[in-house]
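Note that these values count all heavy atoms, side chains included, but never hydrogens, waters or copies made by symmetry.
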Amino acid sequence: MSRRCQALASSLVLAGLLAVAGCENNSVPMPDAGKDYYPLEAGTYRIYNVTDSTYRQHILQPVERYQIRESIAATDAFTDAAGNKAYRVVRSRRIPAVSMNWEADSVYVLTGTSQTVSLVRNNRRTVELIFPVREGRTWNMHAFTSSGGDTITNQNRVFRNLGQSFSLTTATTGVPAVTKVYPETVTVDDTGDEHTANDACYLRTYRQIFAKGVGPVLRYRRNFSYAPPTTGTCERSTGRVFFGTSRHEALVEYGR
C-alpha cells in the first residue's frame, strides 16, 4: 500500500473513532441536578392547608386553621437585574369554613439559576435549594445577605432523606381527609442560624419537604420556649411548652 493510501486509511480510522466517541458521549445521561424538586413556571399555583398553634403560659390557645394560595400569574415572570429568570408569587388567604373568596396576603419573589433557587421576602433573600441536590449537602441560606457571614463555615441548611417517598394526609373543612403519596422527595432542615435552637430551654426548627415535579409540599416551623421566667428553670423534659408558636403548611392542591 502506498504512503498516500496508508495516510488516507489512517485518517478514515481516526474519523471513525471520533464519530463513535461522539455518539458514546451523547448517549451518556447527564446527572440529575434535582431542579424538578422546585419547578418554577408562570401560570401555576399551589394551595396549602395552614394550622397555627400558640401556647401561652402552658396553655394551648384556640388553633387557627385557614388556606394559603401561592400563585404565579402568566404575566409575573421577569428577568431580574442579574439576568436571571424570576417569578412574582402572590400569596392569598381564605378560611373555607367562613368564605371561599381569596384575600391578598403578601408577595414574594422566587429566582431560579443553574445553581440555586432563592426567595426574596421583605427585602431579605434566602437560598431555598442548591443544585445539584445531594444527600447530606449543606449550604448557607443567607449567602446573599450582609448577615450571611462566611459561606464556608456558616452552613445552616441541609438535605436529608433524598429520594424517599412521603405520605401526607390533609383535611379541609367539609371535605373528607385525603392521603397523597409523593414517590420522590427531599427534606430541607434549618440547622444552625440565629432562628434555630434545640436544647433544654428552647426548640426552634424549620423543615420543608419538596416533592419531585411538584415543589414544596410541607413546611413546618416551631418556636417553643420551655423556660418560665418566674422559675428560671427549663422544663422541656416535661414536654410542656411555656410560650411558643408553630405553623404547619400542607399542600392540598396544585396546578395551572
- request: State plainly whether one hydrophobic cluster holds both Leu40 and Val120, where clusters connect Ile, Leu, Val, Met, Phe, Trp and Tyr through side-chain heavy atoms under 4.5 angstrom apart.
  value: no
Student check: side-chain heavy atoms of Thr111 and Asp80 closer than 4.5 Å: yes
- prompt: Hey, are the side chains of Pro228 and His58 touching, using non-hydrogen atoms and a 4.5 Å cut-off?
  reply: yes
query: With no hydrogens and no angle check, do the side chains of Asp190 and Asn156 hold a donor and an acceptor under 3.5 Å apart?
result: no
query: Same cluster for Leu162 and Val127 if Ile/Leu/Val/Met/Phe/Trp/Tyr side chains link at under 4.5 Å?
result: yes
- prompt: What do the steps show when you test Ser53 against Leu60 for side-chain contact (heavy atoms from CB on, under 4.5 Å), and what is the final call?
  reply: CA-CA 7 Å; Ser53 301; Leu60 176 63; 4.0 Å; yes
- line: Tested for salt bridge (Lys or Arg N to Asp or Glu O under 4.0 Å) against Arg93, the lone hit among Glu249, Glu70, Glu64, Glu103 is Glu64
statement: Heavy atoms of Ile47 and Leu251 approach each other most closely as O-CD1, 3.4 Å
task: Could you tell me whether Arg207 sits above the aromatic face of Tyr220, with NZ or CZ closer than 6.0 angstrom to the six-membered ring centre and within 45 degrees of the axis?
output: no
Any Pro216 side-chain heavy atom under 4.5 Å of Arg46 side chain: yes
message: Tell me every residue that passes salt bridge (Lys or Arg N to Asp or Glu O under 4.0 Å) with Arg247, counting only those two or more places apart in sequence or in another chain.
response: Asp52
- prompt: In the single-linkage hydrophobic clustering (I, L, V, M, F, W, Y; side-chain heavy atoms under 4.5 Å), do Tyr87 and Phe131 co-cluster?
  reply: yes
- request: Check side-chain contact (heavy atoms from CB on, under 4.5 Å) between Arg65 and all other residues, then give those that pass, not counting sequence neighbours.
  value: Thr51, Val63
field: Set of salt bridge (Lys or Arg N to Asp or Glu O under 4.0 Å) partners for Asp76, sequence neighbours left out
entry: Arg88
message: If the condition is side-chain hydrogen bond (donor to acceptor under 3.5 Å, both in side chains), which residues does Thr79 pass it with, not counting sequence neighbours?
response: none
- line: The complete set of salt bridge (Lys or Arg N to Asp or Glu O under 4.0 Å) pairs with one or both residues in residues 159-179, sequence neighbours excluded, reads Arg160-Asp189
query: Under the side-chain contact (heavy atoms from CB on, under 4.5 Å) test, which residues partner Glu184, sequence neighbours left out?
result: Tyr37, Lys212
- request: Look at the side-chain heavy atoms of Ile, Leu, Val, Met, Phe, Trp and Tyr, link any pair under 4.5 Å apart, and say whether Val133 and Leu110 land in one connected group.
  value: yes
task: Please step through side-chain contact (heavy atoms from CB on, under 4.5 Å) for the pair Thr126 and His142, ending with a clear verdict.
output: CA-CA 5 Å; Thr126 56; His142 305 303; 4.1 Å; yes
message: With a 4.5 Å cut-off on side-chain heavy atoms, are Ser71 and Arg91 touching?
response: no
query: How about Val252 and Gln67: do any of their side-chain heavy atoms sit closer than 4.5 Å?
result: yes
- line: Looking only at heavy atoms, the pair that brings Cys234 and Ala200 closest together is CB-O, 3.2 Å
Parallel, tilted or perpendicular, as decided by the 30° and 60° cut-offs, for the rings of Tyr55 and Phe224: perpendicular
- prompt: With distance as the sole criterion, is a donor-acceptor pair present between the side chains of Tyr45 and Glu253 under 3.5 Å?
  reply: yes
query: Under the salt bridge (Lys or Arg N to Asp or Glu O under 4.0 Å) test, which residues partner Arg69, sequence neighbours left out?
result: none
- prompt: When you check the gap from the basic side-chain N to the acidic O, do Lys35 and Glu41 get nearer than 4.0 Å?
  reply: no
message: Do Leu129 and Phe144 land in one hydrophobic cluster if side-chain heavy atoms of ILVMFWY residues count as linked below 4.5 Å?
response: yes
query: Who pairs with Glu128 by salt bridge (Lys or Arg N to Asp or Glu O under 4.0 Å), at least two apart in sequence or on another chain?
result: Arg157
task: Identify the heavy atoms of Thr185 and Gln164 that sit nearest to each other, and give their distance.
output: OG1-O, 2.7 Å
field: Test applied, ring pair (Phe, Tyr, Trp, His ring centres under 6.0 Å); reference residue, Phe210; option that passes from Tyr38, Phe159, Phe166
entry: Tyr38
- request: Would you mind reporting whether Arg137 and Ile130 have side-chain heavy atoms less than 4.5 Å apart?
  value: yes
Straight-line distance of Arg94 CZ to Ser99 OG, nearest 0.5 Å: 8.5 Å
message: Distance check, rounded to the nearest 0.5 Å: Thr145 atom OG1 versus Asn123 atom CG?
response: 12.0 Å
message: Is the distance from the ring center of Phe242 to that of Tyr226 below 6.0 Å?
response: no
- prompt: Going by heavy atoms in the side chains, are Ile59 and Phe243 under 4.5 Å from each other?
  reply: no
- prompt: If you measure only the distance, is there a donor-acceptor pair under 3.5 Å linking the side chains of Thr245 and Thr54?
  reply: no
- request: Could you tell me which residues satisfy side-chain contact (heavy atoms from CB on, under 4.5 Å) with Pro183, sequence neighbours excluded, listed by chain and number?
  value: none
Test log, rule side-chain contact (heavy atoms from CB on, under 4.5 Å), inputs Ser167 and Thr179: CA-CA 7 Å; Ser167 177; Thr179 299; 3.3 Å; yes
message: Please report the interatomic distance CG(Leu218) to CG(Asn49), rounded to the nearest 0.5 Å.
response: 11.5 Å
- request: Please name the pair of heavy atoms, one in Trp102 and one in Ile68, separated by the smallest distance, quoted to 0.1 Å.
  value: CZ3-C, 3.9 Å
task: Before giving the answer on side-chain contact (heavy atoms from CB on, under 4.5 Å), spell out for Tyr48 and Arg219 the whole-Å C-alpha distance, their side-chain angles and the decisive distance to 0.1 Å.
output: CA-CA 10 Å; Tyr48 297 87; Arg219 304 182 182 114; 3.8 Å; yes
- request: List for me each residue that meets side-chain contact (heavy atoms from CB on, under 4.5 Å) alongside Asn122, sequence neighbours excluded, and say none if there are none.
  value: none
statement: On a heavy-atom basis, the closest approach of Ala86 and Val109 is CB-CG1, 4.1 Å
Minimum heavy-atom distance between Arg121 and Tyr108, given as atom pair plus value: NH1-CD2, 3.6 Å
- prompt: Out of curiosity, Thr187 OG1 to Ile209 CD1, how far, rounded to the nearest 0.5 Å?
  reply: 4.0 Å
With sequence neighbours excluded, residues passing side-chain hydrogen bond (donor to acceptor under 3.5 Å, both in side chains) with Thr205: Arg222
query: Measuring from Thr138:OG1 to Asn154:CG, what's the distance to the nearest 0.5 Å?
result: 11.0 Å
query: Can you name the residues that form a side-chain hydrogen bond (donor to acceptor under 3.5 Å, both in side chains) with Ser118, not counting sequence neighbours?
result: Arg125
